Protein chains: 2
Amino acid sequence: MTRVRIDLFASLDGYTAAPDPAVDNPMGEDWGPLTAAYAATRTFRQKVFGDTTGAGTTGTDDAFAVAFFEGVGAEIMGAAMFGLHANPDDENWKGWWGDEPPFGCPVYVLTHSVPRPAIEMAGGTTFHFRSGAIDDVLAEASVAADGLDVRVGGGIRTAREFLRAGLVDELHVTIAPIVLGRGNRVWDDLRGLEHTHNVTTVVAESGTIHVTFTR
Amino acid sequence: MTRVRIDLFASLDGYTAAPDPAVDNPMGEDWGPLTAAYAATRTFRQKVFGDTTGAGTTGTDDAFAVAFFEGVGAEIMGAAMFGLHANPDDENWKGWWGDEPPFGCPVYVLTHSVPRPAIEMAGGTTFHFRSGAIDDVLAEASVAADGLDVRVGGGIRTAREFLRAGLVDELHVTIAPIVLGRGNRVWDDLRGLEHTHNVTTVVAESGTIHVTFTR
(Lines give C-alpha, C1' and ligand atoms only; values in the text may rest on other atoms or scores of the structure.)
Protein backbone atom coordinates (compact mmCIF):
# COMPACT_ATOMS: atom_id res chain seq x y z
CA MET A 1 0.00 0.00 0.00
CA THR A 2 1.32 3.42 -0.91
CA ARG A 3 2.22 5.45 2.14
CA VAL A 4 3.02 9.14 2.25
CA ARG A 5 6.35 9.88 3.94
CA ILE A 6 8.18 12.99 5.00
CA ASP A 7 11.74 13.31 6.31
CA LEU A 8 12.79 16.56 7.94
CA PHE A 9 15.75 17.97 9.82
CA ALA A 10 15.30 20.15 12.91
CA SER A 11 17.38 21.72 15.64
CA LEU A 12 16.48 21.37 19.32
CA ASP A 13 14.70 24.69 19.07
CA GLY A 14 12.58 23.49 16.16
CA TYR A 15 14.21 25.25 13.24
CA THR A 16 15.39 23.98 9.92
CA ALA A 17 17.89 25.92 7.85
CA ALA A 18 16.36 28.73 5.81
CA PRO A 19 17.33 28.26 2.15
CA ASP A 20 19.61 30.89 0.73
CA PRO A 21 18.52 32.43 -2.56
CA ALA A 22 22.08 32.18 -3.86
CA VAL A 23 22.28 29.21 -6.20
CA ASP A 24 25.73 28.21 -4.97
CA ASN A 25 24.50 27.65 -1.40
CA PRO A 26 20.80 26.88 -1.80
CA MET A 27 20.31 25.26 1.62
CA GLY A 28 21.82 28.05 3.71
CA GLU A 29 24.82 27.96 6.06
CA ASP A 30 22.99 26.19 8.91
CA TRP A 31 22.23 23.17 6.73
CA GLY A 32 25.69 21.67 7.28
CA PRO A 33 25.58 21.45 11.11
CA LEU A 34 21.92 20.37 10.94
CA THR A 35 22.62 17.41 8.64
CA ALA A 36 26.18 16.54 9.67
CA ALA A 37 25.33 13.14 11.18
CA TYR A 38 23.31 12.15 8.11
CA ALA A 39 26.01 13.32 5.71
CA ALA A 40 28.51 11.20 7.66
CA THR A 41 26.63 7.94 7.07
CA ARG A 42 27.95 5.30 4.72
CA THR A 43 24.63 5.24 2.88
CA PHE A 44 24.56 9.00 2.23
CA ARG A 45 28.15 8.89 0.99
CA GLN A 46 27.31 6.05 -1.37
CA LYS A 47 24.00 7.41 -2.66
CA VAL A 48 24.82 11.09 -2.95
CA PHE A 49 28.60 11.20 -3.49
CA GLY A 50 28.98 7.83 -5.22
CA ASP A 51 31.57 6.88 -2.59
CA THR A 52 32.05 3.11 -2.96
CA THR A 53 34.91 2.80 -0.46
CA GLY A 54 32.55 1.81 2.35
CA ALA A 55 33.59 4.85 4.39
CA GLY A 56 31.03 6.46 6.71
CA THR A 57 29.12 5.62 9.88
CA THR A 58 27.12 2.40 10.06
CA GLY A 59 25.00 2.82 13.22
CA THR A 60 21.53 4.14 13.92
CA ASP A 61 21.95 7.23 11.71
CA ASP A 62 22.87 4.94 8.82
CA ALA A 63 19.88 2.68 9.45
CA PHE A 64 17.62 5.72 9.01
CA ALA A 65 19.57 6.74 5.91
CA VAL A 66 19.00 3.28 4.41
CA ALA A 67 15.28 3.56 5.16
CA PHE A 68 15.24 7.03 3.62
CA PHE A 69 16.33 5.72 0.23
CA GLU A 70 14.12 2.62 0.25
CA GLY A 71 10.75 2.15 -1.36
CA VAL A 72 10.04 5.62 -2.75
CA GLY A 73 8.21 5.49 -6.08
CA ALA A 74 7.39 9.17 -6.52
CA GLU A 75 8.37 12.46 -4.93
CA ILE A 76 6.54 15.76 -4.43
CA MET A 77 8.37 19.02 -3.73
CA GLY A 78 7.76 22.73 -3.60
CA ALA A 79 8.90 25.04 -6.38
CA ALA A 80 11.66 26.51 -4.20
CA MET A 81 13.17 23.09 -3.52
CA PHE A 82 13.40 22.44 -7.23
CA GLY A 83 14.92 25.86 -7.70
CA LEU A 84 12.14 27.33 -9.78
CA HIS A 85 12.42 30.74 -8.12
CA ALA A 86 16.16 30.99 -8.68
CA ASN A 87 15.79 31.42 -12.45
CA PRO A 88 12.12 32.16 -13.00
CA ASP A 89 12.51 33.38 -16.55
CA ASP A 90 14.87 30.70 -17.85
CA GLU A 91 12.78 27.96 -19.45
CA ASN A 92 15.92 25.84 -19.86
CA TRP A 93 16.81 25.92 -16.13
CA LYS A 94 16.61 22.35 -14.86
CA GLY A 95 16.82 23.07 -11.14
CA TRP A 96 19.84 22.74 -8.88
CA TRP A 97 19.83 18.98 -8.49
CA GLY A 98 22.45 18.44 -11.20
CA ASP A 99 22.33 16.42 -14.41
CA GLU A 100 21.48 13.22 -12.54
CA PRO A 101 19.21 14.11 -9.61
CA PRO A 102 19.21 11.66 -6.66
CA PHE A 103 15.53 10.73 -6.99
CA GLY A 104 15.34 8.14 -9.76
CA CYS A 105 11.56 8.43 -9.98
CA PRO A 106 8.86 10.88 -11.10
CA VAL A 107 9.13 14.15 -9.15
CA TYR A 108 6.08 16.44 -8.97
CA VAL A 109 7.04 20.08 -8.49
CA LEU A 110 4.26 22.26 -7.05
CA THR A 111 4.03 25.68 -8.62
CA HIS A 112 1.62 28.59 -8.66
CA SER A 113 2.89 29.59 -12.10
CA VAL A 114 1.75 28.13 -15.38
CA PRO A 115 3.31 24.65 -15.36
CA ARG A 116 6.29 24.03 -17.61
CA PRO A 117 6.62 20.92 -19.77
CA ALA A 118 8.11 17.88 -18.04
CA ILE A 119 11.91 17.56 -17.91
CA GLU A 120 13.45 14.13 -18.24
CA MET A 121 16.81 13.83 -16.49
CA ALA A 122 19.46 11.11 -16.35
CA GLY A 123 19.05 8.37 -13.76
CA GLY A 124 15.31 7.89 -13.98
CA THR A 125 14.19 11.26 -12.62
CA THR A 126 11.47 13.13 -14.50
CA PHE A 127 10.33 16.52 -13.20
CA HIS A 128 6.62 17.23 -13.67
CA PHE A 129 5.20 20.68 -12.84
CA ARG A 130 1.73 20.92 -11.32
CA SER A 131 -0.36 23.87 -10.17
CA GLY A 132 -3.40 21.96 -8.88
CA ALA A 133 -4.58 21.15 -5.35
CA ILE A 134 -2.16 19.11 -3.24
CA ASP A 135 -4.53 16.15 -2.92
CA ASP A 136 -4.89 15.99 -6.70
CA VAL A 137 -1.12 16.02 -7.14
CA LEU A 138 -0.82 13.38 -4.40
CA ALA A 139 -3.38 11.18 -6.18
CA GLU A 140 -1.38 11.42 -9.41
CA ALA A 141 1.92 10.75 -7.61
CA SER A 142 0.38 7.75 -5.83
CA VAL A 143 -0.56 6.17 -9.14
CA ALA A 144 2.92 6.89 -10.50
CA ALA A 145 4.51 5.35 -7.39
CA ASP A 146 2.95 2.03 -8.48
CA GLY A 147 2.71 0.46 -5.03
CA LEU A 148 5.79 2.14 -3.59
CA ASP A 149 5.65 5.15 -1.27
CA VAL A 150 5.27 8.82 -2.09
CA ARG A 151 7.71 11.15 -0.39
CA VAL A 152 6.94 14.79 0.21
CA GLY A 153 10.49 16.04 -0.04
CA GLY A 154 10.05 19.63 1.09
CA GLY A 155 10.64 22.42 1.62
CA ILE A 156 9.31 22.93 5.06
CA ARG A 157 6.21 24.91 4.03
CA THR A 158 5.21 22.22 1.56
CA ALA A 159 5.79 19.52 4.17
CA ARG A 160 3.70 21.36 6.77
CA GLU A 161 0.92 21.87 4.22
CA PHE A 162 0.64 18.10 3.69
CA LEU A 163 0.89 17.44 7.45
CA ARG A 164 -1.80 19.98 8.30
CA ALA A 165 -4.08 18.44 5.67
CA GLY A 166 -3.70 15.05 7.38
CA LEU A 167 -2.16 13.47 4.27
CA VAL A 168 1.03 12.09 5.85
CA ASP A 169 1.41 8.52 7.15
CA GLU A 170 4.98 8.76 8.39
CA LEU A 171 6.97 11.79 9.52
CA HIS A 172 10.61 11.20 10.44
CA VAL A 173 12.41 14.16 12.00
CA THR A 174 16.16 14.06 12.53
CA ILE A 175 16.91 16.41 15.43
CA ALA A 176 20.50 17.61 15.69
CA PRO A 177 21.52 18.42 19.28
CA ILE A 178 22.21 22.04 18.43
CA VAL A 179 20.45 25.36 19.00
CA LEU A 180 20.08 27.34 15.76
CA GLY A 181 18.05 30.26 17.04
CA ARG A 182 16.96 31.13 13.51
CA GLY A 183 15.61 29.58 10.34
CA ASN A 184 12.27 28.19 9.24
CA ARG A 185 10.06 26.71 11.94
CA VAL A 186 9.45 22.99 11.51
CA TRP A 187 6.59 22.33 13.91
CA ASP A 188 4.20 25.28 13.53
CA ASP A 189 0.48 24.44 13.25
CA LEU A 190 1.07 20.80 14.23
CA ARG A 191 -0.17 20.85 17.84
CA GLY A 192 -1.38 17.42 18.93
CA LEU A 193 0.32 15.43 16.13
CA GLU A 194 1.03 12.81 18.82
CA HIS A 195 -2.71 12.16 19.07
CA THR A 196 -3.18 11.21 15.40
CA HIS A 197 0.14 9.36 15.07
CA ASN A 198 2.23 7.04 17.23
CA VAL A 199 5.55 8.54 18.26
CA THR A 200 8.84 6.74 18.66
CA THR A 201 12.13 8.33 19.71
CA VAL A 202 15.66 6.98 19.49
CA VAL A 203 19.12 8.48 19.95
CA ALA A 204 21.93 7.55 17.56
CA GLU A 205 25.58 7.07 18.49
CA SER A 206 26.21 10.58 17.16
CA GLY A 207 23.81 12.06 19.74
CA THR A 208 21.29 12.80 16.99
CA ILE A 209 17.67 12.25 17.97
CA HIS A 210 15.32 10.49 15.55
CA VAL A 211 11.60 11.08 16.12
CA THR A 212 9.10 9.17 14.00
CA PHE A 213 5.35 9.80 13.85
CA THR A 214 3.52 6.88 12.23
CA ARG A 215 -0.13 6.03 11.66
CA MET B 1 32.71 23.12 43.81
CA THR B 2 29.39 24.87 43.51
CA ARG B 3 27.84 24.42 40.09
CA VAL B 4 24.87 26.28 38.66
CA ARG B 5 22.17 23.94 37.36
CA ILE B 6 18.94 24.39 35.45
CA ASP B 7 16.27 21.78 34.71
CA LEU B 8 13.63 22.61 32.09
CA PHE B 9 10.80 20.88 30.28
CA ALA B 10 10.20 21.39 26.56
CA SER B 11 8.04 20.00 23.79
CA LEU B 12 9.51 18.90 20.44
CA ASP B 13 8.66 22.34 19.12
CA GLY B 14 10.58 24.05 21.90
CA TYR B 15 7.78 25.30 24.10
CA THR B 16 7.21 25.00 27.80
CA ALA B 17 3.76 25.46 29.29
CA ALA B 18 2.78 29.08 29.80
CA PRO B 19 1.82 29.58 33.46
CA ASP B 20 -1.81 30.38 34.06
CA PRO B 21 -2.49 33.40 36.27
CA ALA B 22 -5.20 31.45 38.08
CA VAL B 23 -3.78 30.28 41.40
CA ASP B 24 -5.55 26.92 41.21
CA ASN B 25 -3.72 25.96 38.00
CA PRO B 26 -0.50 27.98 38.13
CA MET B 27 1.43 25.91 35.58
CA GLY B 28 -1.19 25.93 32.82
CA GLU B 29 -2.99 23.04 31.18
CA ASP B 30 -0.06 21.92 28.99
CA TRP B 31 2.13 21.30 32.04
CA GLY B 32 0.60 17.87 32.67
CA PRO B 33 1.41 16.30 29.26
CA LEU B 34 4.81 18.01 29.27
CA THR B 35 5.85 16.52 32.62
CA ALA B 36 3.90 13.24 32.58
CA ALA B 37 6.95 10.98 32.41
CA TYR B 38 8.65 12.84 35.27
CA ALA B 39 5.51 12.80 37.41
CA ALA B 40 5.30 9.02 36.84
CA THR B 41 8.72 8.34 38.37
CA ARG B 42 9.08 6.68 41.75
CA THR B 43 11.33 9.50 42.93
CA PHE B 44 8.86 12.26 42.04
CA ARG B 45 6.04 10.37 43.77
CA GLN B 46 8.16 9.97 46.89
CA LYS B 47 9.56 13.49 47.02
CA VAL B 48 6.52 15.48 45.97
CA PHE B 49 3.56 13.34 47.00
CA GLY B 50 5.19 11.54 49.93
CA ASP B 51 4.27 8.22 48.31
CA THR B 52 6.29 5.58 50.21
CA THR B 53 4.74 2.54 48.49
CA GLY B 54 7.57 2.36 45.95
CA ALA B 55 5.14 2.86 43.07
CA GLY B 56 6.35 4.65 39.95
CA THR B 57 8.80 4.11 37.11
CA THR B 58 12.42 3.21 37.89
CA GLY B 59 14.19 3.61 34.55
CA THR B 60 16.02 6.45 32.85
CA ASP B 61 13.40 9.07 33.72
CA ASP B 62 13.74 8.12 37.37
CA ALA B 63 17.54 8.32 37.23
CA PHE B 64 17.20 11.94 36.10
CA ALA B 65 14.61 12.57 38.81
CA VAL B 66 17.04 11.26 41.44
CA ALA B 67 19.76 13.56 40.09
CA PHE B 68 17.33 16.46 40.12
CA PHE B 69 16.83 16.22 43.88
CA GLU B 70 20.48 15.61 44.74
CA GLY B 71 23.04 18.12 45.87
CA VAL B 72 21.15 21.40 45.67
CA GLY B 73 22.10 23.81 48.46
CA ALA B 74 20.26 26.92 47.30
CA GLU B 75 17.65 27.82 44.72
CA ILE B 76 16.95 30.95 42.68
CA MET B 77 13.58 31.64 41.07
CA GLY B 78 11.68 34.42 39.41
CA ALA B 79 8.91 36.29 41.19
CA ALA B 80 6.22 34.61 39.08
CA MET B 81 7.41 31.14 40.03
CA PHE B 82 7.12 32.02 43.69
CA GLY B 83 3.68 33.44 43.01
CA LEU B 84 4.50 37.04 43.88
CA HIS B 85 2.35 38.42 41.07
CA ALA B 86 -0.69 36.39 42.07
CA ASN B 87 -1.28 38.38 45.25
CA PRO B 88 0.90 41.47 44.91
CA ASP B 89 -0.75 43.41 47.73
CA ASP B 90 -0.96 40.65 50.32
CA GLU B 91 2.14 40.85 52.52
CA ASN B 92 1.10 37.58 54.19
CA TRP B 93 0.96 35.60 50.93
CA LYS B 94 3.61 32.89 51.16
CA GLY B 95 3.54 31.77 47.51
CA TRP B 96 1.84 28.71 46.06
CA TRP B 97 4.33 26.10 47.19
CA GLY B 98 2.30 25.14 50.28
CA ASP B 99 3.24 25.14 53.96
CA GLU B 100 6.20 22.85 53.38
CA PRO B 101 7.76 23.73 50.01
CA PRO B 102 9.79 20.98 48.29
CA PHE B 103 13.11 22.87 48.38
CA GLY B 104 14.52 22.39 51.88
CA CYS B 105 17.11 25.11 51.37
CA PRO B 106 17.38 28.89 50.99
CA VAL B 107 15.36 30.09 48.00
CA TYR B 108 16.19 33.48 46.46
CA VAL B 109 13.19 35.06 44.76
CA LEU B 110 14.07 37.71 42.18
CA THR B 111 11.80 40.73 42.23
CA HIS B 112 11.74 44.20 40.75
CA SER B 113 9.62 45.41 43.69
CA VAL B 114 10.94 46.47 47.06
CA PRO B 115 12.02 43.17 48.65
CA ARG B 116 9.84 41.72 51.41
CA PRO B 117 11.28 40.32 54.62
CA ALA B 118 12.39 36.69 54.45
CA ILE B 119 9.76 33.98 55.05
CA GLU B 120 10.77 30.87 56.93
CA MET B 121 8.71 27.80 55.98
CA ALA B 122 8.50 24.27 57.33
CA GLY B 123 10.97 21.71 55.99
CA GLY B 124 14.04 23.91 55.80
CA THR B 125 12.91 26.30 53.07
CA THR B 126 13.44 30.03 53.62
CA PHE B 127 12.32 32.47 50.94
CA HIS B 128 14.58 35.51 50.51
CA PHE B 129 13.53 38.35 48.19
CA ARG B 130 16.20 40.16 46.19
CA SER B 131 16.04 42.99 43.66
CA GLY B 132 19.74 43.19 42.76
CA ALA B 133 21.67 42.04 39.70
CA ILE B 134 21.50 38.31 38.96
CA ASP B 135 25.23 37.79 39.46
CA ASP B 136 25.03 39.38 42.90
CA VAL B 137 22.13 37.13 43.85
CA LEU B 138 24.02 34.15 42.47
CA ALA B 139 27.08 35.06 44.54
CA GLU B 140 24.94 35.19 47.69
CA ALA B 141 23.19 31.92 46.82
CA SER B 142 26.54 30.24 46.13
CA VAL B 143 27.76 31.11 49.62
CA ALA B 144 24.48 29.86 51.11
CA ALA B 145 24.77 26.61 49.13
CA ASP B 146 27.89 25.87 51.17
CA GLY B 147 29.61 23.64 48.64
CA LEU B 148 26.46 22.19 47.14
CA ASP B 149 24.94 23.34 43.84
CA VAL B 150 22.74 26.32 43.08
CA ARG B 151 19.68 25.59 41.00
CA VAL B 152 17.99 28.25 38.91
CA GLY B 153 14.48 26.87 39.23
CA GLY B 154 12.66 29.05 36.72
CA GLY B 155 10.49 30.32 35.24
CA ILE B 156 11.71 30.14 31.71
CA ARG B 157 12.58 33.85 31.39
CA THR B 158 14.70 33.70 34.53
CA ALA B 159 16.39 30.53 33.30
CA ARG B 160 17.18 32.07 29.90
CA GLU B 161 18.54 35.20 31.60
CA PHE B 162 21.10 33.11 33.50
CA LEU B 163 21.91 31.04 30.38
CA ARG B 164 22.41 34.13 28.20
CA ALA B 165 24.72 35.60 30.85
CA GLY B 166 26.89 32.48 30.68
CA LEU B 167 26.28 31.65 34.35
CA VAL B 168 25.02 28.08 33.94
CA ASP B 169 27.23 24.98 34.21
CA GLU B 170 24.58 22.35 33.55
CA LEU B 171 21.31 22.60 31.64
CA HIS B 172 19.11 19.51 31.59
CA VAL B 173 16.09 19.68 29.29
CA THR B 174 13.42 16.98 29.42
CA ILE B 175 11.79 16.89 25.98
CA ALA B 176 8.37 15.27 25.82
CA PRO B 177 7.63 13.74 22.39
CA ILE B 178 4.64 16.00 21.86
CA VAL B 179 3.91 19.10 19.79
CA LEU B 180 2.42 21.89 21.89
CA GLY B 181 2.24 24.63 19.29
CA ARG B 182 1.97 27.28 21.99
CA GLY B 183 3.49 28.39 25.26
CA ASN B 184 6.72 30.06 26.28
CA ARG B 185 9.74 29.46 24.08
CA VAL B 186 12.53 27.57 25.83
CA TRP B 187 15.46 28.06 23.48
CA ASP B 188 15.30 31.67 22.30
CA ASP B 189 18.56 33.63 22.32
CA LEU B 190 20.63 30.48 22.94
CA ARG B 191 22.08 29.90 19.44
CA GLY B 192 25.36 27.99 19.62
CA LEU B 193 24.95 26.70 23.18
CA GLU B 194 26.51 23.46 21.89
CA HIS B 195 29.78 25.36 21.35
CA THR B 196 30.18 26.48 24.98
CA HIS B 197 28.85 23.24 26.51
CA ASN B 198 29.10 19.52 25.77
CA VAL B 199 25.80 17.97 24.75
CA THR B 200 24.56 14.50 25.60
CA THR B 201 21.24 13.01 24.53
CA VAL B 202 19.42 9.93 25.79
CA VAL B 203 15.94 8.51 25.30
CA ALA B 204 14.07 7.02 28.26
CA GLU B 205 11.79 3.98 28.17
CA SER B 206 8.86 6.40 28.10
CA GLY B 207 10.09 7.91 24.82
CA THR B 208 11.08 11.09 26.65
CA ILE B 209 14.29 12.70 25.41
CA HIS B 210 16.82 14.01 27.94
CA VAL B 211 19.31 16.57 26.64
CA THR B 212 22.10 17.75 28.91
CA PHE B 213 24.48 20.65 28.23
CA THR B 214 27.49 20.55 30.56
CA ARG B 215 30.66 22.58 30.84
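Being a predicted model, the structure only gives us computed values, none of them experimental. Chain identifiers are assigned alphabetically (A, B, ...) following the order of the sequence lines, protein sequences preceding nucleic acid strands; residue numbering begins at 1 within each chain.
None of B:I76, B:V72, B:I6, B:V107 except one satisfies the side chain to side chain contact (heavy atoms under 4.5 Å, CB included) rule with B:R151; the exception is B:V72. Applying the salt bridge (Lys or Arg N to Asp or Glu O under 4.0 Å) test between A:D169 and each of A:R3, A:R215, A:R5 identifies A:R215 as the sole match. The ring-ring contact (aromatic ring centres under 6.0 Å, His included) test with B:H128 is passed by exactly one of B:F103, B:F82, B:Y108: B:Y108.
In terms of non-hydrogen atom pairs under 4.5 Å with chain A, the most contact-rich of B:V203, B:T208, B:V199 is B:V203. Options B:T201, B:V211, B:I209, B:V173 differ in how many heavy-atom pairs under 4.5 Å they form with chain A, and the most are formed by B:T201.
Annotation for A:L34 and A:S11: closest pair CD1-N, 3.6 Å, computed over non-hydrogen atoms. Smallest separation of non-hydrogen atoms from A:C105 and A:E75: SG-N, 4.0 Å. Between B:S113 and B:S131 the shortest heavy-atom distance is O-CB, 3.8 Å. Heavy atoms only, all atoms of each residue included: A:L167 and A:V4 are closest at O-CB, 3.3 Å.
Below 4.5 Å, heavy atoms of chain B meet heavy atoms from A:I175, A:P177, A:I178, A:V179, A:L180, A:G181, A:R182, A:R185, A:W187, A:L190, A:R191, A:G192, A:L193, A:E194, all part of residues 175-198 of chain A.
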